[in-house]
Amino acid sequence: SQQGEEDPQALSIQEGENATMNCSYKTSINNLQWYRQNSGRGLVHLILIRSNEREKHSGRLRVTLDTSKKSSSLLITASRAADTASYFCATDAIYNSGGSNYKLTFGKGTLLTVNP
Amino acid sequence: KAGVTQTPRYLIKTRGQQVTLSCSPISGHRSVSWYQQTPGQGLQFLFEYFSETQRNKGNFPGRFSGRQFSNSRSEMNVSTLELGDSALYLCASSSISGGRETQYFGPGTRLLVL
């Protein structure tokens with residue numbers, strides 16, 4: 001099963017509005033990352049937030065992390081048509097008992113459509 | 001620095017054939033991870049190579065294999081192709097092993113199995 005689950009699955013807004021996407025995960029993590037993907041192309045890294053951080057900003061992006069609720073949110077302010085893409089959260093879940101092996105596990109993504 | 005490159009970008013094969021995909025990581029990166037992306041299953045981790053050694057492996061059959069060369073370039077091989085192997089295959093490079101740092105993705109190879 002997916003470690004990260006994004007919500008909503010799809011979001012449609014008007015240019016200039018803010019877009020908020022949420023991500024929930026199941027196990028302890030070291031960090032959580034957000035990626036963007038335009039129409040079946042490669043993923044572009046947006047932001048990484050570590051488990052000891054609560055909020056991080058990068059340009060029009062704001063990410064929060066609540067480890068007690070095992071959830072994160074990505075806020076895009078003043079959205080533009082060029083922000084239309086799928087957004088994925090990814091976590092580095094520990095997946096072996098020794099705790100030395102990590103892999104990046106992705107959710108199924110939120111499809112954001114920004115209408116001009 | 002140049003980004004992650006993948007070749008070929010598009011590929012059409014028939015069932016039963018085999019295919020080899022190539023990934024060149026960002027200069028200086030020693031970790032290369034491979035992912036399969038399909039509409040139904042989303043992004044799934046295939047395996048990771050670090051300094052020519054497979055470090056981690058996802059839940060894929062043995063038909064999926066890979067290797068990494070001393071210059072960190074990686075190849076992924078799928079033997080006896082099945083229709084369900086049609087997907088976008090993405091590789092990502094990172095400076096350290098696992099998902100503890102940012103992974104930089106290539107544009108992907110889109111494989112269609114007929």
Side-chain angles (χ1 to χ4, degrees), chain A residues 1-7 9-10 23 25 27-53 56 58 61 63 72 85-111, chain B residues 1-7 9-10 21 23-26 29 31-50 53-60 86-112:
Chain A
S1 63
Q2 299 288 341
Q3 159 75 330
E5 296 287 343
E6 290 90 345
D7 169 60
Q9 290 187 337
C23 168
Y25 56 92
T27 65
S28 296
I29 61 171
N30 291 301
N31 68 60
L32 185 144
Q33 304 182 45
W34 284 91
Y35 288 83
R36 183 187 76 220
Q37 184 179 39
N38 290 86
S39 189
R41 300 172 67 177
L43 276 74
V44 174
H45 181 259
L46 295 176
I47 201 162
L48 180 154
I49 186 166
R50 302 198 184 277
S51 59
N52 61 353
E53 296 175 309
K56 209 161 181 181
S58 176
L61 306 180
V63 167
S72 172
S86 291
Y87 291 81
F88 297 88
C89 69
T91 54
D92 68 332
I94 298 170
Y95 82 106
N96 76 336
S97 58
S100 62
N101 280 356
Y102 301 82
K103 63 176 181 176
L104 207 58
T105 307
F106 287 83
K108 292 206 171 184
T110 292
L111 176 60
Chain B
K1 284 185 180 179
V4 178
T5 59
Q6 290 186 247
T7 57
R9 294 292 310 279
Y10 303 93
L21 311 181
C23 173
S24 292
I26 290 172
H29 284 186
S31 166
V32 174
S33 297
W34 288 89
Y35 297 85
Q36 180 197 65
Q37 186 178 29
T38 59
Q41 298 299 317
L43 274 154
Q44 293 191 295
F45 172 78
L46 280 156
F47 31 66
E48 182 208 359
Y49 285 87
F50 184 83
T53 302
Q54 187 180 86
R55 290 294 301 271
N56 304 313
K57 192 176 189 303
N59 296 323
F60 278 82
S86 294
L88 180 66
Y89 290 88
L90 295 161
C91 83
S93 77
S94 178
S95 56
I96 66 172
S97 177
R100 288 167 292 166
E101 291 297 337
T102 298
Q103 293 198 351
Y104 296 89
F105 282 80
T109 294
R110 187 164 295 281
L111 172 65
L112 177 61

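The chains referred to below are lettered A, B, ... by the order of the sequence lines, with proteins before strands, and numbering in each begins at 1.
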Q: Take atom CZ of B:F105 as the centre, draw a 6.0 Å sphere, and report whether it contains more than 12 heavy atoms from other residues, nucleotides or ligands.
A: yes
**Q.** Contacting region of B:Q6 [heavy-atom separation from chain A under 4.5 Å]
**A.** neither
Q) Are there more than 12 heavy atoms of other residues, nucleotides or ligands under 6.0 Å from atom CG of A:N52? A) yes
(Q) Can you tell me how far apart OH (A:Y35) and CG (B:L90) are? Round to the nearest 0.5 Å. (A) 11.5 Å
Q: Not counting sequence neighbours, which residues clear side chain to side chain contact (heavy atoms under 4.5 Å, CB included) with A:Q9? List them please.
A: none
**Q.** Proximity breakdown for B:R9 and chain A, heavy-atom pairs closer than 4.5 Å
**A.** neither
Q: Mind listing the closest non-hydrogen atom pair of A:L104 and B:Y35 along with its distance?
A: CB-OH, 3.3 Å
Q.
Using the side chain to side chain contact (heavy atoms under 4.5 Å, CB included) criterion, which residues pair with A:R36? Sequence neighbours excluded.
A. A:N38, A:V44, A:L46, A:A85, A:Y87
Q. Counting N and O atoms only, with roles assigned by atom type, does the side chain of A:K108 sit under 3.5 Å from a partner on the main chain of B:G40, one being a donor and the other an acceptor?
A. yes
Q: Hey, could you give me the CD/CD distance between B:Q103 and A:Q33, rounded to the nearest 0.5 Å?
A: 7.0 Å
